[in-house]
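Letters A, B, ... mirror the listed sequences (proteins, then strands); counts begin at 1.
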Amino acid sequence: MGVRVRFAPSPSGSLHIGNVRTALFNWLFARKNNGIFILRIEDTDIERTYESAYSGILEDLAWLGLNWDEGPYKQSDRLDIYKSYAERFLKEGLAYKCFCSPEELEREREQALKEGKPPRYSGKCANLTEEEISRLESEGRSCSIRFRIPEDACFVVEDMIRGKIEFDVNAITGDFIILRSDGMPTYNFAVVIDDHLMKITHVIRGEDHLSNTPRQLLIYRALEAEPPVFAHLPMIVGSDHSKLSKREGSFSVKELREQGLLPEGVVNYLALLGWSPKEEEVKTLEELIEEFSLEDVSPSPSAYDPAKLRWINRQHILRLDGEKLLSYARPFLKEFENFPKEWLIKAILSIREYAETLKDIPEEIKKYYLNDISLDDKYREELLSGKKAIEVFLDLLKNAEDISDIDSLFKEAIKVSGLKGRRFYHPIRIALTGYESGPELVELIPILGKRKCIERLENSLRFLEAEK
RNA sequence: GCCCCCAUCGUCUAGAGGCCUAGGACACGGCCCUUUCAAGGCCGAGACAGGGAUUCGAGUUCCCUUGGGGGCACCA
């Protein structure tokens with residue numbers, strides 16, 4: 001049968017970088033194997049579900065280019081299904097009604113923890129008689145449904161990334177709840193029912209789910225279903241190997257987007273966390289699909305490195321064509337709305353190598369082309385030594401019909417002024433931009449425009465006359 | 001407390017017993033190039049957590065220690 005995988009986030013906030021990596025690896029695995037990528041929203045915890053998070057997830061995935069083939073399914077639309085399975089388990093004696101109150105359970109749990117014992121359910125309600133059950137029910141006591149853990153349970157998970165993992169019976173907290181008293185299924189139950197019904201072949205998820213697996217295996221057995229292949233991805237941790245903290249930068253897709261990261265950059269960087277290509281690291285989604293393999297994912301946790309993310313991002317900025325780059329940069333170019341598209345593209349291309357993120361683009365454009373320049377006193381000497389160059393070039397520029405051929409204007413100016421090389425170009429650059437570095441002058445001048453160039457050159461001469 | 005996972009340069013990683021005096025990338029330092037530069041080129045510094053065992057031979061296999069992480073819910 002063909003590969004079927006799913007990405008199953010809970011809508012409790014914006015997609016986190018760890019979730020995105022999980023989504024990406026599922027997606028890559030599906031695409032690589034001509035499989036189906038399913039999106040399922042696990043919204044069975046009403047208190048933690050936010051409608052805005054739901055649409056946010058869809059937007060984030062779309063932005064990243066991770067398109068899904070089926071879904072989005074919402075677990076909240078499937079409550080009848082879970083309920084009917086829970087009832088079936090009840091009938092088959094695989095589960096039982098539990099009348100313990102949450103408060104009661106919490107007390108027992110804390111007590112056990114305090115005594116250094118594993119906090120497992122006592123099994124108080126495991127063997128209630130019919131009479132006891134109907135008495136409790138007639139009292140109006142609400143109940144949850146617990147899964148009965150068989151004595152002979154054995155837990156072996158064959159993980160694609162970690163190999164064989166054996167679990168102790170202690171890994172199980174005792175009989176666990178599958179249906180809450182409000183009729184909502186719990187995670188461990190709902191995932192298995194859904195994965196089973198949706199014919200999921202490979203469950204690719206974060207390592208934090210590893211210890212849930214034995215419990216889920218038990219449900220598969222109760223269902224008499226073959227479990228899928230598991231692959232537990234390593235966690236993403238902070239740069240000091242601690243938990244990813246909010247302070248360390250931006251961890252939601254939304255924040256990354258707002259910071260001017262390209263979807264190509266984010267996806268490329270994330271693919272490199274836990275997996276690595278043979279040679280070139282900078283890759284497009286297509287290239288990633290080509291080379292990706294789940295078996296090669298490393299089992300050890302990886303640290304999030306914002307510096308490398310930015311470097312990768314820059315590589316993608318360098319690779320895009322002007323048109324595309326402009327469309328990506330648009331949200332950051334609000335102040336440039338009325339500028340002609342052609343000019344913007346030229347300006348962007350001239351400064352792109354200074355931009356690690358899209359956010360840098362407007363900064364750089366303003367820096368070279370828009371802001372009033374104020375010449376720093378530290379350049380006085382250099383400007384003075386190149387005064388001749390500035391004068392000559394200014395003169396030529398004024399008389400030039402066409403400024404598209406800056407090179408020959410330069411050649412002429414070099415001949416006339418007697419200055420050359422750095423001694424010629426550097427003063428002109430400073431006069432024109434106020435900085436020692438920036439885009440190539442031959443590119444910069446036509447973008448700046450003749451009028452503005454003249455203005456700035458004259459301004460620099462005035463600067464020299466003033467004071468001294 | 002119990003269970004599980006992980007362990008190569010600062011970071012991401014290559015490495016599936018001899019190819020390793022451990023390779024690459026980011027970051028870092030230096031040099032070169034260049035009409036500027038944050039670009040490019042070259043060079044450099046920088047790691048197999050510790051201890052046993054197996055083996056002719058261990059970064060690579062096994063065990064222990066240590067360290068890090070995850071889980072033990074009517075959260076997912």
Counting the atoms with a prime plus P, OP1 and OP2 as sugar-phosphate, which does A:H209 contact under 4.0 Å by heavy atoms, base, sugar-phosphate, or nothing? base
Less than 3.5 Å between a donor and an acceptor, one on the side chain of A:S211 and one on the base of B:C3, is that the case here? no
Ring-plane angle category for A:F89 and A:F189, please: parallel below 30°, perpendicular beyond 60°, tilted otherwise. perpendicular
Value for CD1 (A:I361) from CD1 (A:I317), rounded to nearest 0.5 Å, stands at 5.5 Å
Ranking B:G24, B:C6, B:U11 by distance to the side chain of A:D305, first place goes to B:U11
Taken to the nearest 0.5 Å, the spacing of A:N188 CG from A:L217 CG works out to 11.0 Å
Using 30° and 60° as the class boundaries, would you call the ring planes of A:F424 and A:F393 parallel, tilted or perpendicular? perpendicular
For this session: Would you indicate what A:F189 reaches in the nucleic acid, counting non-hydrogen atoms under 4.0 angstrom: base, sugar-phosphate, or nothing?
Result: nothing
Winner on side-chain proximity to A:N212, out of B:C4, B:G24, B:A76, is B:A76
(message) Using a 4.0 Å heavy-atom cut-off, does A:L210 contact any base of the nucleic acid, only the sugar-phosphate backbone, or nothing at all?
(response) sugar-phosphate
Out of B:U11, B:A39, B:C5, minimum distance to the side chain of A:R162 belongs to B:C5
Across every strand shown, the nucleotide meeting Watson-Crick or G-U wobble geometry with B:U35 (both distances under 3.5 Å) is none
Open item on the list: Does A:K164 reach a base, just sugar-phosphate, or nothing at all? Heavy atoms under 4.0 Å.
Closed with: nothing
Taking B:C74, B:A27, B:G69 as options, the one with an atom nearest any side-chain atom of A:A307 is B:A27
At under 4.0 Å between heavy atoms, what does A:S437 touch on the DNA or RNA strands: base, sugar-phosphate, or nothing? base
Regarding the side chain of A:E207, the nearest nucleotide among B:C12, B:G69, B:C74 is B:G69
Checking N1-N3 plus N6-O4 or O6-N4 for Watson-Crick, or N1-O2 and O6-N3 for wobble, each under 3.5 Å, the partner of B:C20 is none
How is A:E440 classified with respect to the nucleic acid when contacts are heavy atoms under 4.0 Å: base, sugar-phosphate, or nothing?
base
By the Watson-Crick or G-U definition, both distances under 3.5 Å, B:C2 is matched with B:G71
Exercise for the section: Taking only the side-chain nitrogens and oxygens of A:R180, find out if one of them lies under 4.0 Å from OP1 or OP2 of B:A76. Expected result: yes
Note to self: By the 4.0 Å heavy-atom rule, please label A:S12 as base, sugar-phosphate, or nothing.
What the structure shows: nothing
**Report entry** Phosphate OP1/OP2 of B:C4 contacted by A:T213 side-chain N/O (<4.0 Å)
**Finding:** no
As its Watson-Crick or G-U partner within any shown strand, both distances under 3.5 Å, B:G29 has B:C43
Parallel, tilted or perpendicular: which one describes the rings of A:H16 and A:F251, with boundaries at 30° and 60°?
tilted
Discussion item. Taking any heavy-atom pair under 4.0 Å as a contact, classify A:Y354: base, sugar-phosphate, or nothing.
Written reply: base
Taken to the nearest whole Å, CZ/A:F167 to P/B:G70 is 16 Å
### Query
Could a donor-acceptor pair under 3.5 angstrom be found where the side chain of A:D208 meets the base of B:A76?
no
Over all strands shown, is A:P301 touching base, sugar-phosphate only, or nothing at heavy-atom distances under 4.0 angstrom? sugar-phosphate
Here the distance between atom P of B:G24 and atom NZ of A:K308, to the nearest Å, is 13 Å
Inset, instruction - Quick one: label A:G206 by what it contacts on the DNA or RNA (base, sugar-phosphate, nothing), any heavy atom closer than 4.0 Å. - result: nothing
Here the gap from A:E158 atom CD to A:I165 atom CD1, rounded to the nearest 0.5 Å, amounts to 8.5 Å
Practice problem: Would you classify A:L105 as touching base, sugar-phosphate or nothing, given that sugar-phosphate means primed atoms plus P, OP1 and OP2, and contacts are heavy atoms under 4.0 Å? | Solution: base
Checking B:U35, B:A14, B:C3 against the side chain of A:R429 (C-beta onward), the nearest is B:U35
### Query
Under 4.0 Å between a side-chain N or O of A:R314 and OP1 or OP2 of B:C26?
no
Between CD of A:E281 and C1' of B:U13 the distance, given in whole Å, is 8 Å
Result for 5'-nearest mapping on RNA chain B, choosing between A:L309 and A:R422, is A:L309
- Phosphate oxygens OP1/OP2 of B:U13: is one of them under 4.0 Å from a side-chain N or O of A:S302? yes
Taking B:A38, B:U35, B:U13 as options, the one with an atom nearest any side-chain atom of A:L441 is B:U35
Quick note, A:E353 side chain, CB onward, closest among B:C12, B:A39, B:C74 is B:A39
**Message:** By the 4.0 Å heavy-atom rule, please label A:C98 as base, sugar-phosphate, or nothing.
**Reply:** nothing
request  = Could you tell me whether the side chains of A:H232 and A:R205 share a donor-acceptor contact shorter than 3.5 Å?
outcome  = yes
Picking from B:C74, B:A14, B:A38, the nucleotide nearest the side-chain atoms of A:S276 would be B:A14
